[in-house]
Number of protein chains: 2
Amino acid sequence: MTRQRELILGILSQSDRHLTADEIFFLAKLKMPTIAMATVYNNLNAMNEAGVIHRIRVDGGADRFSAVSEPHDHLLCDECGKLTDIRLPKLKVELEKQIHSPVDSYDLVIHTLCPACRRKK
Amino acid sequence: MTRQRELILGILSQSDRHLTADEIFFLAKLKMPTIAMATVYNNLNAMNEAGVIHRIRVDGGADRFSAVSEPHDHLLCDECGKLTDIRLPKLKVELEKQIHSPVDSYDLVIHTLCPACRRKK
DNA sequence: GAAAGAAATAGAATAATTCTAAAATCATTA
DNA sequence: TAATGATTTTAGAATTATTCTATTTCTTTC
């Protein structure tokens with residue numbers, strides 16, 4: 001656990017949004033101006049592999065990262081692009097029942113309108 | 001519907017795998033050597049927007065495309081990387097029940113071992 | 001405090017995708 | 001059929017996200 005890794009993890013933990021590597025790099029630079037982009041990626045990859053953070057790919061953009069370590073799912077608002085975490089604890093078992101095989105893990109992004117955007121319609 | 005678009009759609013329809021833009025480009029070139037990569041992307045994007053084909057993003061690699069128009073889900077084998085379609089018709093309703101909101105659509109990739117790889121373990 | 005190993009840095013390299021400008025194709029109307 | 005305008009394709013440059021590489025800086029241990 002280097003200072004850089006600590007910084008990056010801190011940034012992710014404190015953010016309620018899911019950040020791109022670029023955003024993390026920018027925020028990290030504010031606190032540690034010498035940090036390099038490769039360091040950000042190195043650490044994001046390492047922590048992702050270790051399961052400490054989570055990488056999520058969304059259509060039309062860079063990968064996002066979040067510090068939430070518990071498995072969880074995602075709501076994506078197609079109107080404003082906001083990405084929210086949601087926990088569907090029963091889903092894994094449900095999926096295993098449906099495919100008749102053990103599920104290692106899964107990635108789920110649900111497209112829906114966020115409450116704010118729904119109200120505007 | 002240009003000749004190029006027809007060709008690309010044909011390639012996708014006839015493939016049982018999910019192809020990358022690169023693979024589609026290669027296959028298209030065999031039939032129409034003058035076709036350009038940009039044309040492949042133009043058409044893939046257009047057809048994806050129109051809902052005729054489906055783009056799917058998988059960790060660590062290029063986007064894949066498939067012609068299957070019905071909504072469906074994906075099984076990804078973490079061992080050999082094989083990506084298979086699966087239909088879970090009840091899931092959408094199940095999700096709507098759980099999030100208490102209408103679900104526009106959703107993307108699901110289930111990580112599991114394919115039968116072949118499971119046998120080898 | 002020197003040596004060894006691990007991680008960080010800077011910048012080049014790669015891969016996937018998009019953009020741009022010119023040429024080709026197509027459909028429509030004169 | 002010729003002219004017109006719109007759309008699409010083409011080729012290659014440009015961009016974006018990410019990884020790689022070689023060198024430097026930190027840590028840790030002796």
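Basis for what follows: all heavy atoms, side chains included, without hydrogens, waters or symmetry-related copies. Numbers restart at 1 for each chain; the letters A, B, ... are given by sequence-line order, proteins then strands.
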(message) I'd like to know whether B:D107 forms a side-chain contact (heavy atoms from CB on, under 4.5 Å) with A:H111, so could you lay out the CA-CA distance, the side-chain angles of the two residues, the decisive distance to 0.1 Å, and finally the verdict.
(response) CA-CA 8 Å; B:D107 299 317; A:H111 296 248; 3.0 Å; yes

(request) Measure from CZ on A:R64 to P on D:dT16 and round the result to the nearest Å. (result) 17 Å

(message) Within this structure, what is the CD1-CZ distance for the pair B:I35 and B:R3, rounded to the nearest 0.5 Å?
(response) 9.0 Å

(request) Mark yes or no for whether A:E96, through its side chain, and A:V103, through its backbone, hold a donor-acceptor pair below 3.5 Å. (result) yes

(message) Quick check on contacts: within residues 3-27 of chain A, what sits under 4.0 Å from DNA chain C by heavy-atom distance?
(response) A:Q4

(message) Please enumerate all residues that pass salt bridge (charged side-chain N to carboxylate O under 4.0 Å, His left out) together with A:R55, with sequence neighbours excluded.
(response) A:D63

(request) Give me the first and last nucleotide of DNA chain C, going 5' to 3', that has any atom under 4.0 Å from a heavy atom of chain B. (result) C:dA16 to C:dC19

(message) Determine whether B:F65 and B:T20 satisfy the following criterion, side-chain contact (heavy atoms from CB on, under 4.5 Å), listing intermediate values before the conclusion.
(response) CA-CA 6 Å; B:F65 297 86; B:T20 62; over 6 Å; no

(request) Ignoring hydrogens and angles, tell me if any N or O in the side chain of A:S13 forms a donor-acceptor pair with the backbone of A:L9 under 3.5 Å. (result) yes

(message) If the condition is salt bridge (charged side-chain N to carboxylate O under 4.0 Å, His left out), which residues does A:R118 pass it with, not counting sequence neighbours?
(response) none

(request) May I ask you to list the residues sharing a hydrophobic cluster with A:V93, side-chain cutoff 4.5 Å, ordered by chain and number? (result) none

(request) With a 4.0 Å heavy-atom cut-off, tell me which residues in residues 28-46 of chain B come close to DNA chain C, sorted by residue number. (result) B:A38, B:Y41, B:N45

(request) Answer with yes or no after comparing the ring centroid distance for A:H54 and A:H18 against a 6.0 Å cut-off, counting only values under it. (result) no

(request) Answer yes when B:R17 and B:E23 have at least one side-chain N-carboxylate O distance shorter than 4.0 Å, and no when they do not. (result) yes

